[in-house]
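As structure tokens, the structure follows; a few thoughts come after it.
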Amino acid sequence: MKVMIVGLGSMGCRRARILRKWGDIQCVGVDTSQERRRRAKERFHMETAASIEEAIGNSEGISAALVCTPPLSHAAIIRICLERGLHVFTEINLVSDGYEENMKLAARMGRILFLSSTFLYREEINYIKKEVQKCPRADYTYHVGQYLPDWHPWEDFNSFFVREKASNGCRELFAIELPWLQYVFGKVSVVQAYKGNLTKLPLGYPDAYHVIIQHEDGATGSLQVDIVSRKAVRSLEIYGEQIYISWNGSPFGLKQYDIREKKEMDIVLYQKTEHTDGYNESIIEDAYQAELQAFLWEIEGRKMAKYGFKEDILTLQAIDRIEGGA
């Protein structure tokens with residue numbers, strides 16, 4: 001199978017690194033940057049091209065595309081790939097531009113349109129959902145934050161998509177976290193948001209949010225999202241009369257309080273994990289691999305996707321309400 005990776009930045013290289021380990025898949029990289037193409041060719045021994053048209057013209061047999069460019073460019077690239085008969089995997093989009101049109105186009109072309117939602121492929125999330133479902137009621141407090149200049153320490157944050165208000169850093173964190181929170185606790189029904197700026201970074205948008213969320217299933221959550229915290233943090237507490245779970249976001253940081261024994265237990269769900277240097281310890285390769293495998297299985301006709309464009313429309317609407325303060 002031959003896969004085209006559109007965008008050879010941080011995420012494109014992560015996807016190439018994963019696919020390279022699967023010997024039956026060839027990758028073709030596309031990027032307008034000559035330097036990124038050179039690095040990708042050197043690191044992953046892949047063919048590269050400056051455009052989708054060039055890649056398709058020079059390399060026969062491409063059947064799928066991974067869209068790993070900045071989010072605001074996704075809609076147009078997805079449409080081009082679908083029109084050329086390719087199955088499409090896309091990173092999170094952050095805006096719903098072209099959603100309806102591209103869903104209809106994918107259906108008309110008989111092609112898979114698959115949306116990344118990496119945390120839904122984490123073993124911890126599946127465990128948490130199972131435990132929460134056992135309880136009549138469970139609420140949560142959750143803080144996710146990391147200082148924006150530390151996201152990509154190898155480049156100025158103004159050089160990638162978080163500089164734009166429509167694809168800002170807090171919005172991306174909400175788009176990462178809300179899909180799994182709704183998977184576990186139910187759809188967002190009511191939000192009350194408080195926002196502001198705690199840094200002197202030259203941003204055109206808030207850098208910290210405190211949000212109270214009411215879910216349709218009755219759960220209430222307190223969600224704090226920021227691009228301020230100098231220590232990268234993911235701190236979750238789930239509590240109720242019959243449950244207490246905490247998680248620091250790392251693969252070995254899930255804990256559950258045993259009510260009968262009156263002690264906290266480590267919940268070990270991995271024998272080992274894969275991690276890439278330069279990223280926070282909570283970011284492991286395993287879930288990225290799992291969702292790519294789900295995409296390939298979808299192409300084969302197996303229904304493996306856990307999240308899609310229809311669900312993401314509701315998530316983006318909830319984020320719009322949060323950013324609007326109501």
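Note that the structure is a prediction, hence the values are computed from the model and not measured.
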**Asked** Cluster partners of Val95, using ILVMFWY side-chain heavy atoms under 4.5 angstrom, listed by chain and number?
**Response** Leu72
**Message:** If you count every heavy atom of other residues, nucleotides or ligands that lies below 6.0 Å from Glu241 atom CD, does the total exceed 12?
**Reply:** no
**Asked** Counting only heavy atoms not in Glu300, do more than 12 sit closer than 6.0 Å to its CD atom?
**Response** yes
Salt-bridge contact [X]-[Y] (side-chain N to carboxylate O under 4.0 Å):
X      : Y      : result
Glu298 : Arg302 : no
Lys310 : Asp312 : no
Glu83  : Arg79  : yes
Glu42  : Arg39  : no
Lys306 : Glu291 : no
Glu131 : Lys134 : yes
Arg171 : Asp320 : yes

Side-chain heavy-atom pair [X], [Y] within 4.5 angstrom cut-off:
X      : Y      : result
Gln289 : Lys21  : yes
Cys27  : Lys2   : no
Phe161 : Leu94  : yes
Tyr239 : Thr141 : yes
Leu8   : Val30  : no
Glu264 : Asp258 : no
Ile299 : Met1   : yes
Met4   : Ile52  : yes

What distance do [X] atom [atom1] and [Y] atom [atom2] have between them, rounded to the nearest 0.5 Å?
X      : Y      : atom1 : atom2 : value
Asn248 : Leu254 : CG    : CG    : 9.0 Å
Ile128 : Glu124 : CD1   : CD    : 7.0 Å
Arg14  : Leu292 : CZ    : CG    : 10.5 Å
Arg321 : Ile213 : CZ    : CD1   : 9.5 Å
His210 : Gln192 : NE2   : CD    : 13.5 Å
Glu311 : Leu115 : CD    : CG    : 9.0 Å

Close aromatic pair by centroid cut-off 6.0 Å: [X] and [Y]:
X      : Y      : answer
Tyr140 : His215 : yes
Phe160 : His152 : yes
Tyr209 : Phe174 : yes

Please tell me whether [X] and [Y] have a donor and an acceptor in their side chains that are separated by less than 3.5 angstrom.
X      : Y      : result
Thr90  : Asn93  : yes
Ser246 : Tyr257 : no
Gln224 : Ser222 : yes
Glu177 : Tyr142 : yes
His74  : Asp97  : no
Ser189 : Gln214 : no

Between [X] and [Y], is there a donor-acceptor pair closer than 3.5 Å when you use the side chain of the first and the backbone of the second?
X      : Y      : value
Arg122 : Gly249 : yes
Asp226 : Ser229 : yes
Asp217 : Ala219 : no
Ser33  : Arg36  : yes
Arg37  : Thr48  : no
Lys129 : Tyr183 : yes
Ser117 : Leu120 : no
Lys41  : Glu47  : no

What pair of heavy atoms forms the shortest contact from [X] to [Y], and how long is it?
X      : Y      : result
Ser59  : Val28  : OG-CG2, 3.6 Å
Ser116 : Ile92  : O-CG2, 3.5 Å
Leu316 : Ser96  : CD1-N, 3.6 Å
Thr69  : Ser73  : OG1-OG, 2.7 Å
Ala65  : Cys81  : CB-SG, 3.7 Å
Cys135 : Ile243 : SG-CB, 3.6 Å

**Item:** Glu91: side-chain hydrogen bond (donor to acceptor under 3.5 Å, both in side chains) partners, not counting sequence neighbours
**Value:** Arg15
**Request:** Check step by step if ring pair (Phe, Tyr, Trp, His ring centres under 6.0 Å) holds for Phe309 and Tyr99.
**Result:** CA-CA 7 Å; Phe309 278 61; Tyr99 267 39; 4.6 Å; yes
**Request:** Start with the C-alpha distance between Tyr244 and Glu237, add both sets of side-chain angles, then the distance that settles side-chain hydrogen bond (donor to acceptor under 3.5 Å, both in side chains), and finish with yes or no.
**Result:** CA-CA 7 Å; Tyr244 180 85; Glu237 289 183 285; 2.4 Å; yes
Are [Y] and [X] connected into the same hydrophobic cluster when the rule is that any two of I, L, V, M, F, W, Y join if their side-chain heavy atoms are below 4.5 Å apart?
X      : Y      : result
Ile18  : Phe119 : yes
Leu314 : Val211 : no
Leu113 : Met109 : yes
Val144 : Ile212 : no

**Prompt:** Between Lys255 and Asp266, is a salt bridge (Lys or Arg N to Asp or Glu O under 4.0 Å) present by the stated rule, with each step listed?
**Reply:** CA-CA 5 Å; Lys255 300 178 184 295; Asp266 292 323; 2.5 Å; yes
**Request:** Please work out whether the ring planes of Phe89 and Phe114 are parallel, tilted or perpendicular, with thresholds of 30° and 60°.
**Result:** parallel
**Prompt:** Once the angle between the rings of Trp180 and Trp247 is folded into 0 to 90°, is it parallel (under 30°), tilted (30 to 60°) or perpendicular (over 60°)?
**Reply:** perpendicular
**Prompt:** Between Arg230 and Tyr147, is NZ or CZ placed under 6.0 angstrom from the six-membered ring centre and within 45° of the ring axis?
**Reply:** yes
Side-chain donor-acceptor distances from residues 198-206 under 3.5 Å, at least two apart:
| residue | atom | partner | partner atom | Å |
| --- | --- | --- | --- | --- |
| Thr199 | OG1 | Leu201 | N | 3.2 |
| Thr199 | OG1 | Asp207 | OD2 | 2.8 |
| Tyr205 | OH | Val162 | O | 2.7 |

